[in-house]
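Report on one structure; see the data block that follows.
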Amino acid sequence: MTTEPAARTATGRGLTTGTLVAGLLAVCLAQIGLAIPATLNGLFQSDLHPVGSQLTWISDAFLLPVAVLELTFGLLGDLFGRKRLLVGGASLLAVGELVSATASGIHQLWAGQALAGLGAAALFPTSLAILAAGTTSPAQRARVIAMWAALLSTGGFLAPLLGGITATYGSWRWSFVVVTAIAAASAAVSALFAVNSSAPAGRSLDVAGQLTIGLGLFSLLYAIIQGPTDGWASPSIVVAFVLAAVFLAAFVLAEKRAKSPLLRLDLFRNRAFAVASVVAVVGMFAFLGTAYAVSIRLGPVQDQAPMRTALAFVLLNGITLVMLPLTERLLTTAAPGLLLGAGLLLIAAGDYWAAILPITDSTFTSLILPLGLVGLGFAITVSSITATAVNTVPVHLAGMASATTNLLRDFGFTLGPAVIGAVALSRAANNFSDSLHNSALPAALKGAGTAVLEEGGPLAVNGASAASPKLADLHPLALDALGHGYSIGFIVCGSAALLSALLALITLHSRTTPHADPTER
């Protein structure tokens with residue numbers, strides 16, 4: 001390992017091996033933490049018995065602070081040094097995963113995942129910013145961004161294997177224990193070997209911006225997640241949507257007036273950056289929505305072994321690592337619109353294919369090709385989004401650009417489970433209720449099915465009917481309803497990816513080159 005003189009820490013005149021390893025390990029850790037809950041949904045359902053939207057909140061308890069606070073952590077890294085955030089973020093993630101490992105109920109698990117998500121919110125933008133700041137040429141930046149994206153997917157690749165192995169030979173709690181150990185190692189590597197960098201010129205804390213975007217995103221996600229449980233027309237959900245609109249509008253006004261904004265809105269005058277931002281939200285929503293639908297299909301619905309879910313996530317995430325050499329070359333030779341469009345079209349094709357698979361088909365071979373297409377598309381898309389956004393701004397804005405890109409990508413990730421869970425469970429509840437009403441089952445059994453549905457939703461009916469002989473006749477109805485609901489979820493994801501692909505192909509025609517200032521385009 002090598003170090004650099006202190007005079008170089010603020011300017012980022014070279015990328016040391018220690019900094020490279022620390023940054024890549026940090027993003028891999030953050031993605032492992034993000035992906036772990038999805039592989040364990042079936043075990044959470046059987047062990048902790050979540051009802052309604054409680055299962056969705058396990059994943060989104062981690063994702064919400066990531067989406068809400070990434071811009072702030074990008075700014076804090078610029079102001080006070082990125083090395084500190086790598087160490088602090090990994091340490092906080094370790095604490096959160098330890099809280100999760102010792103959870104005695106669903107609420108403690110939420111708290112642990114929220115703490116871990118807070119740590120990941122520091123790691124995602126800081127890891128990319130500290131790497132980008134150390135590069136000295138567009139070619140090196142492309143190479144580093146491709147490596148960063150590959151390690152992002154490596155985390156998604158390792159998480160399901162970790163979850164599957166520990167759940168098979170121990171319990172879901174051991175998954176969080178192992179992540180705690182990885183987080184401690186990441187904090188140590190960053191503390192010992194990373195070279196600090198910062199870009200404080202012209203930056204200062206934007207309290208109004210952080211408060212408004214935080215409250216706006218939280219209100220929006222709360223409304224989406226709780227809508228199916230509380231009712232879309234219920235006062236709490238209507239108020240949440242109104243508050244989301246008000247706070248997000250207030251955020252735009254606050255950023256226009258701020259002397260040192262959390263987000264420079266003029267970045268979006270750059271067409272490539274603006275398009276990449278939209279695609280980051282919609283495209284990544286499609287990907288993680290797909291991953292969430294797969295985890296629910298294999299876990300709580302079909303009650304398959306955790307290793308089966310792990311293998312599915314290997315297909316979704318592992319291809320990015322294998323494609324690293326090709327992705328690196330494509331980032332420097334191909335037009336961004338073509339790359340983004342091609343990747344998103346592959347995701348759409350995989351989703352539409354998955355949507356037609358019958359829920360009674362529990363063979364893994366049926367999923368290999370559709371999930372392989374989605375994984376291949378993600379491998380191309382995630383690197384292209386990051387490179388398109390970061391390469392169009394000058395180095396001194398790398399922290400803000402990377403934080404913005406990460407926020408939008410992870411907001412899309414957060415929307416995935418929220419929207420797909422809401423859509424699928426709403427459709428499944430309606431379908432089950434209609435099928436139950438039209439069935440020839442005894443009135444007493446219909447009453448029991450309705451009671452379980454009202455108390456815990458269609459997943460609860462599916463689990464109870466599979467476990468209790470008295471409710472066994474309800475199981476085919478619940479299984480069919482859930483299969484239809486999550487097929488609709490796959491179609492929604494595929495349509496989102498298709499629309500994003502068309503946007504990229506139409507608007508991005510040439511290769512992306514860095515500009516001195518984002519307002520020049």
Side-chain angles (χ1 to χ4, degrees), residues 24-44 55-56 58-63 66 89-90 93-94 96-101 103 109 112-117 119-121 123-124 127 148-186 284 287-299 304-322 367 371 374-375 378-379 382 406 409-410 413-414 416-417:
L24 295 180
L25 179 57
V27 71
C28 184
L29 163 67
Q31 188 64 19
I32 289 174
L34 184 151
I36 274 286
T39 67
L40 303 172
N41 277 323
L43 297 178
F44 295 148
L55 188 63
T56 302
I58 296 174
S59 292
D60 275 336
F62 187 104
L63 286 162
V66 171
L93 195 149
E97 297 293 45
L98 193 58
V99 171
S100 299
L109 185 55
Q113 287 302 284
L115 285 173
L123 296 180
F124 278 123
S127 60
W148 181 89
L151 266 293
L152 181 81
S153 282
T154 300
F157 171 87
L158 293 175
L161 292 179
L162 170 62
I165 292 171
T166 55
T168 300
Y169 299 103
S171 77
W172 56 266
R173 299 178 187 277
W174 281 104
S175 299
F176 295 125
V177 172
V178 175
V179 180
T180 301
I182 297 172
S186 178
M284 295 304 97
F287 175 75
L288 205 68
T290 303
Y292 182 75
V294 169
S295 75
I296 299 299
R297 174 189 172 98
L298 296 179
Q304 298 204 44
M307 279 304 299
R308 185 67 66 87
T309 304
L311 291 175
F313 275 75
V314 167
L315 282 173
L316 289 172
N317 292 283
I319 296 175
T320 302
L321 186 61
V322 176
L367 289 171
L371 295 190
V374 174
F378 176 70
V382 68
N406 277 283
R409 186 198 67 235
D410 290 321
F413 279 165
T414 308

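Positions are given from 1 along the sequence. It should be emphasised that the depicted structure is a prediction, and the values quoted were computed from it without experimental measurement.
Listed here is the closest heavy atom pair of Thr309 and Gly299: OG1-N, 4.4 Å. Across all their heavy atoms, Ser127 and Ala26 have their closest contact at CB-CB, 4.2 Å. Val179 approaches Glu97 most closely through the heavy-atom pair CG1-OE2, 3.3 Å. Closest non-hydrogen pair, Leu115 versus Gly96, comes out as CB-CA, 3.7 Å. Shown here for Ala183 and Leu93, the closest heavy-atom pair between the two residues is CB-CD2, 4.0 Å. Of all heavy-atom pairs spanning Leu109 and Ser100, the tightest one is CD1-CB, 3.7 Å.
The distance from the CZ atom of Phe313 to the CD1 atom of Ile36 is 10.0 Å, given to the nearest 0.5 Å. In this structure, CD on Gln113 lies 9.5 Å from CG on Leu63, to the nearest 0.5 angstrom. Taking CG of Leu316 as the start and CG of Leu288 as the end, the distance is 9.5 Å to the nearest 0.5 Å. The line from CZ of Phe124 to CD of Gln31 is 4.5 Å long, rounded to the nearest 0.5 Å. Residue Leu162 holds its CG atom at 7.0 Å from CD1 of Ile32, rounded to the nearest 0.5 Å.
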Step-by-step side-chain contact (heavy atoms from CB on, under 4.5 Å) determination, Leu298 to Leu367 | CA-CA 11 Å; Leu298 296 179; Leu367 289 171; 3.8 Å; yes
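A donor-acceptor pair is defined here as one N or O able to donate and one able to accept, closer than 3.5 Å; such a pair exists between the side chain of Thr180 and the backbone of Phe176.
With Leu24 as reference, Leu151 is the one residue of Leu151, Leu29, Thr154, Leu152 to meet the side-chain contact (heavy atoms from CB on, under 4.5 Å) rule.
The aromatic rings of Phe44 and Trp172 stand perpendicular to each other, their planes meeting at an angle above 60°, with 30° marking the opposite boundary.
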